[in-house]
Each structure stands twice: as structure tokens, then as C-alpha cells.
Amino acid sequence: MTQKHNVDVRRRSALLGSAGAAALATLGLPVGAAAGGARGDVDTHIELVAEPGRVQIIAGSPTRVWHYRGKLLRGDAGALEVIEGGYLGPVIRARQGQRIRIDLVNALPESTIVHWHGLHVPEDMDGHPRFAIAPGARYVYEFTVKNRAGTYWFHPHPHGRTGKQVYAGLAGLFIVSDLEEAALGLPGGAQELVLVIQDRNIDVDNQFVYVGSASPGRPGRGGMMGGRMGGGMMGGGMMGGGMMGGGMGPMMSGMMGVLGDRILVNGAVPSRREVEQRAHRVRVLNGSNTRTLKLAWSDRTPLTVIGSDGGLLAAPLQRDYVMLAPAERVELWVDFGSWPAGATPMLASLAFDGGINAGGMMGSVTPLADGAPFDIQPFKVAAGPAKASTLASTLSAISAPQPQRAVNHQRPKLFEPTMGMMVWGINGASFDMLGASDYETVELGTEEVWEFRNEGRGSMMGMVMPHSMHVHGLQFRILSRSVSSAFAGNYESVSKGFVDTGWKDTVLVMPGERVRILLRFEDYPGLFLYHCHMLEHEDLGLMRNYLVRAA
Ligand code: C2O
Ligand code: CU
């Protein structure tokens with residue numbers, strides 16, 4: 001109770017700083033009322049508990065995980081959907097315009113906070129690591145859903161521990177619907193599938209192995225990871241205690257990112273999914289820490305893409321494969337009627353040139369290198385009759401981006417991943433909890449062009465890796481991509497798989513690539529993050545704040 005009270009007080013002072021009307025409304029409320037769910041001014045109220053647990057995902061010992069358990073305190077029954085059989089958190093469903101309240105309860109043995117990935121919310125609702133709460137504490141989120149219909153998600157964001165916590169199982173989907181989407185009559189109900197794809201290393205005792213350490217929840221000194229940190233390939237000297245101390249963390253192994261050789265879907269080992277011989281809407285999230293996917297049907301049936309990070313595209317696109325970096329989403333329209341009854345289509349990841357991680361040289365413990373091919377989700381097409389389905393040729397109103405409206409249209413801001421002594425950075429600077437430079441300061445109500453440049457400047461030993469660049473608090477547009485000639489060969493194995501025409505919050509930037517994006521900073525002043533979503537890069541400093549300043 002004391003902790004909760006403290007958190008609420010702190011949150012309220014943060015709210016005072018941003019002083020919106022909603023903030024003032026919250027201020028009048030006695031702290032005690034907060035936990036009861038008795039308020040009438042929200043459409044949905046959910047309690048989300050982050051806690052250790054055990055799930056049976058492989059025959060034998062249950063796997064110790066950390067996961068989210070949701071409880072619907074108010075709202076339509078459909079607002080919270082449990083995904084059975086794995087560790088994945090619930091699917092939260094909201095309609096555009098709804099007022100949502102979510103109480104995060106931290107039942108983990110370390111601090112945490114939740115970020116609503118892709119949602120456009122005020123700074124103190126965004127899950128910045130500065131708002132991380134201690135074990136036993138509660139953080140109250142309340143916001144209006146302003147986003148377009150789309151597949152968003154949530155995951156932890158405590159500084160230096162995001163990779164570890166997501167790996168332990170903390171993640172869930174946040175699906176938004178709106179009227180424009182409803183008018184399309186896209187497949188729903190049993191014809192709407194979600195696939196959250198994650199890779200893990202799993203030991204002989206069925207426990208997750210993160211950076212060569214012990215699994216979550218294993219009894220040991222100091223809880224998760226306690227006592228077993230020395231077991232990794234880097235040896236006890238470098239690994240020992242780093243994680244628990246909250247400092248450098250997983251060192252070299254984590255520098256390059258953690259890759260697993262077991263592919264899980266929705267927090268479980270994928271089993272064959274029987275589908276009717278008709279159209280389905282398939283929402284796919286790459287929830288992996290570092291692994292990039294090259295999604296395709298193994299029989300090379302083209303993919304019909306209808307949505308990306310920020311919802312539906314203007315029109316469907318055909319792709320032979322789709323690149324999906326960590327945290328990116330894609331929505332597919334899949335007509336299983338185009339396979340005969342009894343067919344067993346396999347969604348897979350094809351081979352591509354994964355850059356430096358391909359060799360597995362730098363600390364990855366997995367035999368499955370980045371860019372190696374693997375199966376993901378097998379389907380089985382049920383016996384007919386096939387139901388004919390058609391897809392609208394226009395999905396949503398998205399106008400062409402207008403970069404000339406950006407205040408720095410002539411001089412895009414450059415942001416380059418850089419690597420120093422065992423830490424990552426952006427333009428040479430590592431994460432600074434409350435800091436943002438002048439260069440990282442933007443004016444509320446303006447648009448800017450940013451360029452992510454990944455040419456290995458300032459990298460260690462000339463290593464260049466892909467990065468998955470994410471900007472908090474908004475959806476952006478992709479303006480252009482180009483690749484330097486030195487990397488052009490590798491690039492051909494991925495470049496036909498980008499889905500760049502819609503709204504995005506995360507973008508894959510390949511080795512040698514420059515990607516220009518157009519951002520609009522609206523509604524919410526304050527301090528927001530931008531970072532690489534390869535979580536070990538993020539945890540080791542490939543993350544910075546940007547500050548939206550109100551005029
Ligand atoms: Cu999904 Cu800052 O992250
Ligand atoms: Cu990165």
C-alpha cells in the first residue's frame with residue numbers, strides 16, 4: 001500500500017507537469033479509489049499482473065516464465081482475451097475513442113513498467129523506464145485510444161532489463177478497431193488469427209536460457225538469474241552479477257543480441273492449426289528479442305499484405321516474402337480456399353543474409369544463425385466446401401507523405417547506431433534516463449524528417465548489423481531507402497520484402513542502409529524514447545530520448 005501510494009503520488013506530480021485536462025481530472029481522485037475499479041468514466045478497466053509462473057510448453061518439466069495475467073474489471077467481455085496454452089499475455093481489444101484504464105501490478109522480484117508499443121499516448125502513459133515501479137507496486141495507466149485500427153502490443157521497458165523480461169515471457173497484443181475497418185467486413189472470429197513469433201533457447205530441463213544464464217524463476221540468490229550467471233560462454237568473470245546489478249548486463253553475448261533455436265508461436269511450441277477453406281485475417285508480430293524474420297509460405301504462394309505496424313494499408317500488396325524485424329507487425333489476408341482441402345501450408349522464414357550475426361561468432365549460443373531458414377507455423381486446410389472470399393481493393397484512406405511540410409525538410413536529422421566499449425549508442429551517445437540533446441528536441445505540432453543511417457561508422461571491428469529502429473509515441477511514414485554499394489549484394493536477399501507504404505512505428509535498417517522517415521509530433525509534449533528494438537542493443541545503450549517541446 002505504501003509503495004502504491006508513493007507511485008501514485010509520483011505519477012500525479014508527473015501529470016502535473018504535463019497539465020492536460022485529463023490529468024487534472026485524475027488529480028481530484030482519492031488514492032484509495034484507484035484500486036477498486038469503481039470509477040465510471042472509463043470504457044474498459046483491466047488489472048494486468050506481471051508475475052512469475054509455470055507453463056507446460058514442452059512435454060516434461062513445466063517451463064518457468066514471467067508473464068502477464070489480465071483481469072477485466074470493467075468493459076465488454078471481448079476487451080480481454082486469454083491466449084490458452086502458452087506464456088503469452090492476454091490480447092487487449094479496444095475501439096478507437098475508448099477510454100482505457102489499466103492497473104499494472106508488479107508481482108515480479110524486480111522493477112518493471114509496461115510500454116504500449118505503437119500507441120499514441122501522453123508521456124507518463126507510455127511506459128518510459130523512468131516510471132519503472134518496484135516489486136509490489138502498482139502503476140495506473142489511463143488514456144484514450146487515438147490510434148487507427150491496428151495490431152499494437154505491450155511489453156516491459158525497465159532500463160537494462162527489457163531483453164531479459166521479454167525473453168522470460170512478458171508480452172501481449174493490444175488490438176484496436178475503428179469504423180473504417182469495420183466497414184470492410186474483414187474476416188473475424190475464428191477467421192482472425194494472431195501469431196506472435198518468438199525464438200528461445202530451451203535447455204534439457206525445458207527452461208529458457210537467456211545469454212547463457214539460468215532460467216527465470218530458478219531459485220537462487222536474488223531471484224531470476226541469481227546464482228547461475230557464470231554459466232554462459234563468456235565465462236563467470238564477465239557475466240557474474242552484471243544483470244542483477246542493473247549495470248552492464250549481459251556483456252558481449254548481449255551486445256550482438258540473443259538468438260534462440262526454438263521458434264515459439266503465441267508462447268507455445270506451434271502445433272498444426274486447422275483452418276477452414278476460406279479467407280482469414282492473420283496478424284503477425286515478431287516478438288523476438290533480436291531475430292529478424294523473412295516470412296513466406298514454404299510453397300512460395302505469394303503473401304497478400306493488408307496492414308503494417310499502424311494498421312491497414314491503403315490497398316493490399318502482394319509480396320513473395322515479408323521482412324519482419326523485432327517489434328514489427330504485418331497483417332495478412334490469407335485465402336486458405338486457394339489450397340485444396342487437406343493441404344498443409346507452412347508459414348516459414350526463408351534464408352537471407354543476416355549480417356554479422358549470421359556467423360554466430362559473437363556470443364550467440366544458438367546454432368540457428370540470423371538469416372537461417374526455419375519453419376514457423378503449420379496449417380491444415382479442412383475439408384470443404386470452400387467459401388469464396390473477396391478482398392476490397394481499397395482498404396483505408398492514407399494520403400501520400402508530404403515531406404515538404406517538415407521543418408527540416410532540407411536538412412534531415414541523422415541518427416546512426418554507434419558502438420563504443422561494450423555499449424551501443426546513437427550518434428555516439430548512450431541512453432541517458434532524463435536527457436535529450438538540442439538535436440533531439442522537437443517542437444510540438446511540427447513535422448521532421450529523420451534518417452537512420454547504418455553504415456557502421458564508429459562500429460567495433462567494422463561490424464555492421466541490422467537494426468530495428470522504433471520511435472515511441474507516434475506512427476511515422478517511410479520516405480525512402482538507399483543502400484551503399486558495398487552492401488548491395490546482401491541487400492538483395494531482403495529488399496523485396498519491405499512493407500513501407502503504410503503507418504509504421506518500427507523500421508528495419510539493414511547493414512549499409514539509410515532509411516528516411518517523416519514524423520509528426522502532435523498532442524503530447526514530453527520525453528519519449530527512440531531506440532533499436534533488438535532488445536539487447538536497446539538494453540546496452542542503443543536508445544535515446546527525444547523531447548517534444550510545447551511552444
Ligand atoms: Cu516496443 Cu521502446 O519499445
Ligand atoms: Cu540494434
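Computation of the quantities below employed the complete heavy-atom set of this structure, encompassing side-chain atoms and omitting hydrogens, waters and symmetry-equivalent molecules. Both ligands and their constituent atoms are indexed starting at 1 by order of listing.
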Q. With atom 1 (Cu) of ligand 1 at the apex, how many degrees lie between NE2 of His155 and ND1 of His117, rounded to 10 degrees?
A. 130°
Q. With a cut-off of 2.8 Å, does His531 place any N/O/S atom under that distance from atom 2 (Cu) of ligand 1?
A. yes
Q.
Distance check, rounded to the nearest 0.5 Å: Arg200 atom CZ versus Ile263 atom CD1?
A. 10.0 Å
Q) Any Lys/Arg nitrogen of Asp199 or Arg291 sitting under 4.0 Å from an Asp/Glu carboxylate oxygen of the other? A) yes
Q. Does some side-chain heavy atom of Thr44 sit less than 4.5 Å from a side-chain heavy atom of Arg101?
A. no
(Q) Taking backbone and side chain together, does His115 place any N/O/S atom at a distance below 2.8 Å from atom 2 (Cu) of ligand 1? (A) no
(Q) Looking at Arg520, I want to see if its CZ is surrounded by more than 12 non-hydrogen atoms of other residues, nucleotides or ligands under 6.0 Å. (A) yes
Q. Quick one: does NZ or CZ of Lys496 land under 6.0 Å from the six-membered ring centre of Tyr321, within 45 degrees of the ring axis?
A. no
Q.
Looking only at side-chain N and O atoms, does His531 offer a donor or acceptor that is under 3.5 Å from a partner on His537?
A. no
Q | N/O/S from His533 sitting under 2.8 Å away from atom 1 (Cu) of ligand 1 | A | yes
**Q.** Donor-acceptor side-chain pairing of Gln165 and Glu110 below 3.5 angstrom
**A.** yes
Q. With under 30° as parallel and over 60° as perpendicular, where do the rings of Phe452 and Trp450 fit, or are they tilted in between?
A. perpendicular
Q. Mind counting the protein N, O or S atoms sitting less than 2.8 Å from the Cu ion (ligand 2)?
A. 3
Q.
Closer than 2.8 Å to atom 2 (Cu) of ligand 1: does that hold for any N, O or S atom in His472?
A. yes
